[in-house]
Amino acid sequence: MNDKIIATLRSDQQPSSVQKDKILTFLNKKYGENIELIWEKDDEISHGFILQVGADVYDWSMIGKINQLRSSLEKVSIDSDNYVSLIKENVKNWNPEVNSMEIGYVEETGDGIAIVSGLKSVNYGEIVYFENGQKALVQDIQSEDIGCMIFGKDDEILEGTKVYRTGKTAGIPVGNMMLGRVVNALGESIDGLGDLKSDEYYPIEKPAPEILDRKSVDRPLETGLLSIDSMFPIGRGQRELIIGDRQTGKTAIAMDTIVNQKGKNVICIYVAIGQKASSIAQITENLKKRGALDYTIIVAATASQSSSMQYIAPYSGTAIAEYFMDHGKDVLIVYDDLSKHAIAYRTISLLLGRSPGREAYPGDVFYLHSRLLERSAQLSDERGGGSITALPIVETQAGDISSYIPTNVISITDGQIFLESDLFFSGQRPAVNVGLSVSRVGGAAQTKAVKKAASTLRLELAQYREMEIFTQFSSDLDETTKNQLKFGKGLMQLLKQNQYSPLSQSEQVITLVVALNKMLLNVEEKDVKSTMYGIISYIKNHKPAIIEEIELKNVLSDNVKEQIILSAGEYLEARK
Ligand code: ATP
Ligand code: MG
């Protein structure tokens, strides 16, 4: 190779020829004869100079020397009797060492991305920092330069700004002090309640638990929503996708689930990606009002923040969740939503110059979400038995679940709750589409009581839907068909549930037993819901033993089932 090695000398004053010769002699000794010395003016270096050869940097500037002196003085033992003389000794014999460290320079910046040259041995995922102390995450490594995502505002970072390595990967503070707080994607408080201090840091990206460290999902995570707990039960450690068009009640399901965890020893983390700050304020307020904020942490990267912050938010949220899982706790994490997350990543990738693939997303967008969701787990007893249950949310366009991001996330999760616009606008809320929703592992975790009580529900609803379509245009229906339609309509009424009004296990069981035994056939459709409330409070007030047995034993014995039917009969009789 005949290429010359370029050595760059930076100082505020042009070096004299004697100085230049000395430096060249040093360079020739160290790097051989084939070297060229270039001088660049840098007003920030007063006294001394910085010499850079490839990745090696020799800091002979005043600041560099002072830093070296400081660290050499730190080695002096404080206990020494003759402390002062030791310092004197140290200063007298002190010789500035030639340290090599990597310094990079910003080549290009904009849209929260900086292209940096000179950091030859930097690692993917490493945190680097700029002269002004601002940090960035290395996201792209090319042969000539690297691309990094700047955290925070990028307007102070200009071409030529120096960049330093930290040798560390991104981490965020974790701990109990975060409960009840709202933090940004870097774990910094944004709720005005003061700084969060922690001695513990968790990396935001971490390999998922190994198969041997996991066990099967077998404990329920109740949402309090009859339509989900009865037909699509979720287990602790499961990943259940909530998917649907805009404004179909996706966030509402997640919120209800969080509120329902009160007193159930579950820590909840709500990760808001690309939402308006006002929505996040509203969510915080709603949780607070219902006493659910005490056990919840909100990680928010708002729509006004950079794509970088939106991109790392779910990983940061997961790191916080992992801390609790490692301490044997059960955690519920909501990612609201991963469609916006994918868009943030697409923006970053396009800015980094990666080639776009399907729907302009980069090729690794699947890996993006799979490595995130794989971190949800039910840990084995040896690992403490903690768990992370994930409720990722994905937004569809016109109900199309076969587009790129929805199909990806569907294939990564253990099932999906599909919400439908038509149902939502017809007043069927939560708007769960019973035909397209599924929960693949939750069955093993569902409480025996609900499982037994709900056994025929899906089938009945499927038959109702089919019949409804067939009879849409016919006027004269026979009595059996009419009754069956009425029965189905009644069931649909009972699956309606207002926001923030979770049903307990026993309330769900009573509803299912009464409804599936066709006890409400003579009740007007509009009165079905209120009649059911009446039956439940009648049992609560007059037959508390029924409630107690279900809640304590989590099973539905034939005896209890009979008692529910009897009590409901008594109530309906008395109402006549
Ligand atoms: P976006 O796509 O904007 O994020 P989303 O799918 O998350 O919307 P939500 O914000 O949860 O939908 O709900 C939309 C509206 O419907 C809200 O005003 C919410 O209060 C209302 N809503 C949701 N669920 C119910 C329910 N079960 N009963 C009554 N109203 C509901
Ligand atoms: Mg929403």
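We count ligands from 1, going down the list as the structure has it; atoms in each ligand are counted the same way.
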(request) For residues Arg239 and Thr413, report the shortest heavy-atom separation together with the two atoms involved. (result) O-CB, 3.5 Å
For ligand 1, which atoms have a heavy atom of [X] less than 4.0 angstrom away?
| X | answer |
| --- | --- |
| Thr248 | 5 (P), 6 (O), 12 (O) |
| Arg246 | 2 (O) |
| Ala252 | 11 (O), 23 (C), 24 (N) |
| Thr251 | 4 (O), 5 (P), 7 (O), 11 (O) |

(message) Under a 3.5 Å cutoff, is there a donor and acceptor pairing between the side chains of Thr318 and Tyr335?
(response) yes
(message) With no hydrogens and no angle check, just 3.5 Å: does a side-chain donor-acceptor pair link Asn554 and Thr447?
(response) no
(request) Look at the N, O or S atoms of Thr251, main chain and side chain alike, and state whether any lies under 2.8 Å from the Mg ion (ligand 2). (result) yes
(message) Any protein heavy atom at under 4.0 Å, with atom 17 (C) of ligand 1 as the reference point?
(response) no
(message) Tell me whether atom 3 (O) of ligand 1 lies less than 4.0 Å from at least one protein heavy-atom position.
(response) yes
(message) Please identify which of these residues, Thr223, Leu419, Thr248, meets the side chain to side chain contact (heavy atoms under 4.5 Å, CB included) condition with Ile253.
(response) Leu419
What's the shortest distance from [atom] to any protein heavy atom, and which residue and atom give it?
| atom | result |
| --- | --- |
| atom 27 (N) of ligand 1 | Gln497 O, 2.9 Å |
| atom 30 (N) of ligand 1 | Arg429 NH1, 3.7 Å |
| atom 9 (P) of ligand 1 | Gly249 CA, 3.7 Å |
| atom 10 (O) of ligand 1 | Gln247 NE2, 4.1 Å |
| atom 20 (O) of ligand 1 | Gln499 OE1, 2.6 Å |

(request) Please confirm whether Lys250 comes within less than 3.5 Å of ligand 1 when only nitrogen or oxygen atoms on both sides are compared. (result) yes
(message) Is there a side-chain contact between Leu368 and Tyr315 in this structure, where contact means two heavy atoms from C-beta onward sitting under 4.5 Å apart?
(response) yes
(request) Cation-pi check, Lys329 to Phe324: give yes when NZ or CZ is under 6.0 Å from the six-membered ring centre and within 45° of the ring axis, no otherwise. (result) no
(message) At under 4.0 Å between heavy atoms, is it the side chain or the backbone of Met255 that contacts ligand 1, or both, or neither?
(response) neither
(message) Taking the ring of His341 and the ring of Tyr345, is the distance between their centroids below 6.0 Å?
(response) no
